[in-house]
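One-based numbering, in listed order, for ligands and for the atoms of each.
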Amino acid sequence: MTVTDYKTAIVTGASSGIGDAVCRMLAGKCMTVHALARRTDRLEALAAETGAIPHAVDVTDAEALANVVGGIEADVLVNNAGTTFNGKLDTMPPERIDQILDLNVRAMMQLTRLVLPGMRARNRGHVFLTGSCAGLWPMAGSAPYAASKAAVSQFLNILRLDTLGTKIRWTEIVPGRVETEIFGLAMGDAEAARKAFLEGKEALQPTDIAESIGFALSLPDRATLARMEIYPTRQAVGGFAYAD
Ligand SMILES: NC(=O)c1ccc[n+]([C@@H]2O[C@H](COP(=O)([O-])OP(=O)(O)OC[C@H]3O[C@@H](n4cnc5c(N)ncnc54)[C@H](OP(=O)(O)O)[C@@H]3O)[C@@H](O)[C@H]2O)c1
């Protein structure tokens, strides 16, 4: 099975950043792409440019999500919608913890649960979950986000075990810093976020992630790229921290 054999994809977070780039990449390979996000204007623009099928839905609404994906025979699922918050746990707005877990963990699991039976029945499929380097490596000031992405990682490891023997492939996408709107949305100030997170620092582009997904899809079905850690060349993880 390669990308040319897969016909239909579901992509979340399709209205911007990585999800938008993934939709464009998959549509460029003649796949039918179901693009999920909340912002209708963005989805309609994407649909007009690529032929993707737009679905305006809040993916944290399990019932609405089930209605949208119920009839879709997905070969590829790119479970990518996510949100973040940078700050110390004891001073962050408490509702941000719930928003991060609802979107990054609960919605991701619910959508996977909805799509999996069809993939099992057809014995074909490739599931991508967007984790983060913060889920693998300690990153100060990101406790709920990092914990949510660690959950993504272990969830995927276990689903690979639970579907062993089928032709369903599981790939964890582990990006370093990517230039998207996520930081501005988290801070509520796009310009301040650009200065804090992107100015003067090398960042990946969403197309770098989309191309990596395209490569994982292009492999023959005996080969699974289990985890793709993709960093800007001028980013590294690790090190020690000491108080003064
Ligand atoms: N950018 C980075 O440096 C980076 C690094 C590591 C991992 N990641 C991960 O990459 C993934 C994509 O993030 P991105 O950087 O591309 O950010 P982004 O540009 O902010 O995209 C986030 C997407 O999620 C959608 N979304 C948010 N809440 C939603 C909801 N309740 N229901 C449906 N859709 C919702 C947004 O669309 P609407 O607002 O229109 O709904 C948007 O399309 C996330 O999981 C993120 O954690 C990003």
* To do: Check the pair Asp208, Gln205 against side-chain hydrogen bond (donor to acceptor under 3.5 Å, both in side chains), reporting the backbone distance first and the verdict last.
  => CA-CA 5 Å; Asp208 299 331; Gln205 295 302 308; over 6 Å; no
* Test side-chain hydrogen bond (donor to acceptor under 3.5 Å, both in side chains) applied to Trp170 and Thr224, step by step -> CA-CA 7 Å; Trp170 298 86; Thr224 290; over 6 Å; no
* Asked: Given the rule in the side-chain hydrogen bond (donor to acceptor under 3.5 Å, both in side chains) test, do His126 and Thr171 qualify, once you have shown the distances and angles that lead to the verdict?
  -> CA-CA 8 Å; His126 198 146; Thr171 300; 2.7 Å; yes
* Pair Thr130-Val152, side chain to side chain contact (heavy atoms under 4.5 Å, CB included): steps then yes or no -> CA-CA 8 Å; Thr130 309; Val152 169; over 6 Å; no
* Under the side chain to side chain contact (heavy atoms under 4.5 Å, CB included) criterion, do Leu43 and Thr40 qualify, and how do the steps go? -> CA-CA 5 Å; Leu43 289 178; Thr40 315; 5.7 Å; no
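The atoms of ligand 1 that sit less than 4.0 Å from any heavy atom of Phe183 are 2 (C), 3 (O). Counting the atoms of ligand 1 from 1 in the order shown, those under 4.0 Å from a heavy atom of Gly17 are 16 (O), 19 (O). For ligand 1, the atoms sitting less than 4.0 Å from at least one non-hydrogen atom of Ile182 are 1 (N), 13 (O), 15 (O), 17 (O), 20 (O), 46 (C), 47 (O), numbered in the order shown with element in parentheses. Each of the following atoms of ligand 1 lies closer than 4.0 Å to a heavy atom of Ser132: 6 (C), 7 (C). Which parts of ligand 1 touch Ala81 is read off a 4.0 Å heavy-atom cut-off, strictly below it: atoms 24 (O), 45 (O). Applying the 4.0 Å criterion to heavy atoms of Gly82 picks out, from ligand 1, the atoms 22 (C), 24 (O), 44 (C), 45 (O). Against a heavy-atom cut-off of under 4.0 Å, Ile18 is close to the following atoms of ligand 1: 10 (O), 16 (O). Heavy-atom contacts of Ala14 reach the following atoms of ligand 1: 43 (O) (cutoff under 4.0 Å).
Of all protein heavy atoms, the one closest to atom 8 (N) of ligand 1 is Tyr145 OH, 3.6 Å. Scanning the protein for heavy atoms near atom 39 (O) of ligand 1, the closest one is Arg38 NH2, 3.0 Å. What sits closest to atom 25 (C) of ligand 1 on the protein, heavy atoms only, is Gly13 CA, 3.7 Å. The protein atom (non-hydrogen) at minimum distance from atom 10 (O) of ligand 1 is Thr130 CG2, 3.3 Å. Looking only at protein heavy atoms, the nearest one to atom 31 (N) of ligand 1 is Asp58 OD1, 2.9 Å. Counting protein heavy atoms only, atom 2 (C) of ligand 1 is closest to Val178 N, 3.5 Å. Among protein heavy atoms, atom 11 (C) of ligand 1 sits closest to Asn80 O, 3.1 Å. In this structure, the protein non-hydrogen atom closest to atom 15 (O) of ligand 1 is Thr180 OG1, 2.6 Å.
Contact analysis leaves Thr12 out of contact with ligand 1, as no non-hydrogen atom separation drops below 4.0 angstrom. Between Thr83 and ligand 1 there is no heavy-atom distance shorter than 4.0 Å. Residue Ala107 places no heavy atom under 4.0 Å from ligand 1. Distances from ligand 1 to the non-hydrogen atoms of Glu181 include at least one value under 4.0 Å. Ligand 1 lies out of reach of Ala203, whose nearest heavy atom is not under 4.0 Å from it. Close to ligand 1: Leu185, with a non-hydrogen atom less than 4.0 angstrom away.
Ile182 belongs to a hydrophobic cluster whose remaining members, ordered by chain and number, are Phe183, Met187, Phe197, Leu198; membership requires side-chain heavy atoms of ILVMFWY residues under 4.5 Å apart, directly or through intermediates. In this structure, Tyr231 belongs to a hydrophobic cluster whose other members, linked by side-chain heavy atoms under 4.5 Å apart, are Leu136, Trp137, Val174, Val237.
Inter-residue side-chain proximity for Val127 and Val115 is flagged as unmet; no heavy-atom pair is nearer than 4.5 Å. Using a 4.5 Å heavy-atom threshold, the side chains of Ile100 and Thr84 count as separate. You'll find the side chain of Glu172 stays beyond 4.5 Å of the side chain of Leu129, heavy atoms only.
For atom 6 (C) of ligand 1, the choice among Pro175, Ser15, Ala56 with the nearest heavy atom turns out to be Pro175. The residue among Asp41, Leu46, Val59 with a heavy atom at the shortest distance from atom 32 (N) of ligand 1 is Val59.
Of the heavy atoms in Lys149, only side-chain atoms (C-beta onward) come closer than 4.0 Å to ligand 1. Only the backbone of Val57 comes within 4.0 Å of ligand 1, counting heavy atoms alone; no side-chain atom from C-beta on gets that close.
Exactly one residue among Leu36, Ile10, Leu217, Val22 makes a side-chain contact (heavy atoms from CB on, under 4.5 Å) with Val78. That residue is Val22.
Hydrophobic clustering (ILVMFWY, side-chain heavy atoms < 4.5 Å, transitive): Met25 and Leu219 are in one cluster.
With a 6.0 Å radius and a threshold of 12 heavy atoms from other residues, nucleotides or ligands, Glu95 has its CD atom above the threshold.
In this structure, Glu202 does not pair ionically with Arg234, as no charged nitrogen and carboxylate oxygen lie closer than 4.0 Å. Contact check on Glu181 versus Arg39 returns a salt bridge, with a Lys/Arg side-chain nitrogen under 4.0 Å from an Asp/Glu carboxylate oxygen. Under a 4.0 Å N-O distance rule, the pair Arg124/Asp75 qualifies as a salt bridge.
For a threshold of 3.5 Å applied to N or O pairs, the pair formed by Arg177 and ligand 1 contains no separation below that value.
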